[in-house]
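Keep in mind that what you see is a predicted model, and the values were worked out from it rather than measured.
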Amino acid sequence: MSFWMSVLPAVPPRAALDGDAEADVCIVGAGYTGLWTAYYLALADPALRIVVLEAETAGFGASGRNGGWCSALFPKSVSALDRMFGRDAALALNAAMESTVDEVGRVVAAEGIDCDWAKGGTVVLARTEAQLARARADVAEASLYGLDLVLLSAAEARARVGATEVLGGTYTPHCAAIQPAKLARGLADACERRGVRIVERTPVTRLAAGRAETPSGTVRAPIVVRATEGFTPRLPGFKRSIAPLYSLMIATEALPEAFWASAGLAGRETFADFRHLIIYGQRTADDRLAFGGRGAPYHYGSTIDPAFDREPRVFAELRRALGELFPALGDVPVAATWGGPLGVARDWMASVGLDPATGLAWAGGYVGDGVATTNLAGRTLADLITGVDSELVRLPWVGHRSPRWEPEPLRWLGVNASLRLMGSADAAEARTGRIARRAALMSRLLGG
């Protein structure tokens with residue numbers, strides 16, 4: 001269980017499916033994607049019979065475990081989207097992502113969801129000369145597209161995030177820190193208030209046109225939505241559609257005001273740095289540091305297991321990295337550790353779509369940037385399903401089909417090699433201060 005879930009009041013699970021059922025829309029997965037889709041569908045047409053099937057409980061997956069960044073980040077950069085779809089389409093998707101952050105905030109307020117919302121933006125620190133070069137390159141690229149990304153001097157960056165060895169950084173306002181499990185639970189309640197039926201403890205064993213099969217019955221519906229993200233490989237026929245990569249997190253005890261006087265994060269800015277092996281953090285509403293990162297191995301055959309949520313080596317490395325950033329932590333112990341899988345498409349491109357011939361719809365492949373992207377996906381799916389010809393359904397990720405991942409053992413070799421390359425590149429840059437060109441191999445290996 002994640003720290004985020006562990007601090008919420010215990011609630012009994014919703015009833016499991018108890019036989020066959022009929023619906024207008026059946027959604028598989030009660031994470032953010034499935035819940036946002038159900039929410040906007042219920043708003044668009046209150047008469048729709050909407051059933052959401054969940055193998056565990058609402059928010060069990062990444063939606064209840066993530067770093068709590070409701071950001072405009074998308075797996076592909078604007079320049080990559082430009083190369084794929086053209087400048088106008090790339091800018092339209094970026095603008096949609098930015099406005100989505102505020103849409104989540106609007107719904108949170110309208111539905112009375114107390115998820116510790118604080119829109120403080122994101123600071124990405126540069127702590128080596130190589131990282132500073134990447135910061136400058138990102139800002140230069142952003143300026144070509146008119147994006148809200150500013151270069152921070154060392155003093156400006158340290159004023160926001162009082163970390164060590166800061167040479168500069170970047171800042172964007174398009175991010176809010178949240179308590180993700182509170183959002184998942186509140187969103188599920190909002191769906192139920194609008195007549196959505198959420199069925200828990202009901203794993204789907206097979207998806208097909210017009211139906212979702214479970215051990216306790218089949219739900220038949222003309223529209224079936226796959227919203228399973230990192231757990232997608234468990235479905236027959238989808239083993240190579242999404243690669244589940246693990247991201248792990250730690251949280252400290254609540255920290256005293258004396259610590260925050262030097263550490264900053266007064267606006268609860270989310271923070272990271274420009275290393276290759278991603279880290280991410282936030283100051284929680286109760287004054288903890290919640291901090292996570294990649295580095296856990298990919299498991300052969302896209303296997304998902306609760307044991308993989310716990311990698312002592314990665315937890316120790318996260319605590320070491322956090323102490324390096326904020327030495328004033330001293331020997332403050334780690335209060336909680338957790339993790340889970342996120343979904344990665346072979347070309348690093350999230351997508352959403354509906355096949356009108358079969359009624360099968362999908363959304364996913366967020367590469368860990370799904371808190372806001374799921375909301376955009378839910379609104380888009382609602383328009384696709386109800387036949388609304390909106391700007392959302394014309395965004396370039398709609399209908400995109402990613403290639404399948406390579407068969408094993410190539411998948412295992414490629415993904416884990418890329419993780420090792422990123423780690424070694426960071427070590428080389430810390431040692432020499434020069435950009436490690438080997439990191440570029442990661443993009444070629446994974447299609448990022």
Side-chain angles (χ1 to χ4, degrees), residues 2 4-5 8 14 25 27-43 50 52-75 96-97 99-108 110-111 113-117 175-192 194 196 198 200 225-232 242 244 247 249 270 280 282 292 338 340-345 350-352 361-382 385 392 397:
S2 73
W4 308 119
M5 280 291 185
L8 299 187
R14 296 170 173 88
V25 181
I27 299 170
V28 181
Y32 290 153
T33 299
L35 294 173
W36 281 124
T37 303
Y39 177 80
Y40 287 107
L41 278 171
L43 287 179
I50 304 166
V52 181
L53 300 175
E54 168 56 45
E56 299 289 343
T57 55
F60 172 83
S63 299
R65 311 186 200 190
N66 63 78
W69 288 36
C70 183
S71 80
L73 289 171
F74 192 80
M97 285 299 306
S99 65
T100 293
V101 176
D102 293 328
E103 169 64 8
V104 175
R106 184 195 67 78
V107 175
V108 163
E111 296 292 345
I113 300 173
D114 177 14
C115 65
D116 303 338
W117 178 273
C175 185
I178 66 165
Q179 208 281 33
K182 287 184 176 181
L183 176 59
R185 183 172 289 186
L187 184 54
D189 291 344
C191 287
E192 288 186 315
R194 282 160 178 77
V196 173
I198 301 175
E200 297 183 331
V225 180
R226 173 172 55 82
T228 47
E229 191 54 356
F231 292 87
T232 299
I242 290 287
S247 194
M249 292 196 70
T270 55
Y280 51 91
Q282 66 149 290
W338 71 98
L342 53 90
V344 183
S351 65
V352 58
W362 77 91
Y366 309 119
V367 197
D369 292 324
V371 177
T373 317
T374 52
N375 175 279
L376 181 60
R379 285 184 287 139
T380 303
L381 283 170
I385 291 167
L392 297 183
W397 72 323

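Put simply, CD1 on I50 and CD1 on I385 are 8.5 Å apart, with the number rounded to the nearest 0.5 Å. Rounding to the nearest 0.5 Å places CZ of R379 at 13.0 Å from CG of L41. The OG1 atom of T373 sits 3.5 Å away from atom CE of M97, with the distance rounded to the nearest 0.5 Å. Separating the CG atom in L187 from the OH atom in Y39 is a distance of 8.0 Å, to the nearest 0.5 Å. Of the inter-residue distances, the one linking T37 atom OG1 with N375 atom CG reads 9.5 Å to the nearest 0.5 angstrom.
Closest non-hydrogen pair, G343 versus I242, comes out as CA-CG2, 3.5 Å. The two atoms that bring Y280 and S247 nearest to each other are OH-OG, 2.6 Å, heavy atoms only. Minimum interatomic distance between A58 and A188 (heavy atoms only, all atoms of both residues): CB-CB, 4.1 Å. Considering every non-hydrogen atom in both A176 and V101, the closest pair reads N-CG1, 4.4 Å. The two residues C70 and I178 have their closest heavy-atom pair at CB-CG2, 4.3 Å. What you find for V352 and A363 is that their closest heavy atoms are CG2-CB, 3.9 Å.
Annotation: side chain of L35 is in contact with side chain of I198 (closest heavy-atom distance under 4.5 Å). With contacts defined as side-chain heavy-atom distances shorter than 4.5 Å, the pair T57/M5 does not qualify.
Residues in residues 175-192 take part in these side-chain hydrogen bond (donor to acceptor under 3.5 Å, both in side chains) pairs, two or more places apart or across chains: R14-D189, R14-E192, D116-K182. Annotation: side-chain hydrogen bond (donor to acceptor under 3.5 Å, both in side chains) contacts involving residues 65-74, sequence neighbours excluded, comprise R65-D309.
Here W362 pairs with nothing under the ring-ring contact (aromatic ring centres under 6.0 Å, His included) rule; sequence neighbours left out. Considering only residues two or more places apart in sequence or on other chains, F74 meets the ring-ring contact (aromatic ring centres under 6.0 Å, His included) condition with W397. Every side chain to side chain contact (heavy atoms under 4.5 Å, CB included) that A96 has, sequence neighbours left out, goes to L376, L395. The side-chain hydrogen bond (donor to acceptor under 3.5 Å, both in side chains) search around S2 returns none, not counting sequence neighbours. Applying the salt bridge (charged side-chain N to carboxylate O under 4.0 Å, His left out) criterion to D102, with sequence neighbours excluded, gives K119. For the salt bridge (charged side-chain N to carboxylate O under 4.0 Å, His left out) test, residues two or more places apart in sequence or in another chain that qualify with E103 are R106. In this view, A177 and R268, T270, Q282 satisfy the side chain to side chain contact (heavy atoms under 4.5 Å, CB included) rule, not counting sequence neighbours. For Y40, the ring-ring contact (aromatic ring centres under 6.0 Å, His included) test picks out W36, with sequence neighbours left out. Residues satisfying the side-chain hydrogen bond (donor to acceptor under 3.5 Å, both in side chains) test with Y366, not counting sequence neighbours, are T33. In this structure, the side-chain hydrogen bond (donor to acceptor under 3.5 Å, both in side chains) partners of T232, at least two apart in sequence or on a different chain, are T228.
Looking at E54, its side chain never comes within 3.5 Å of a backbone N or O of V28 through a donor-acceptor pair.
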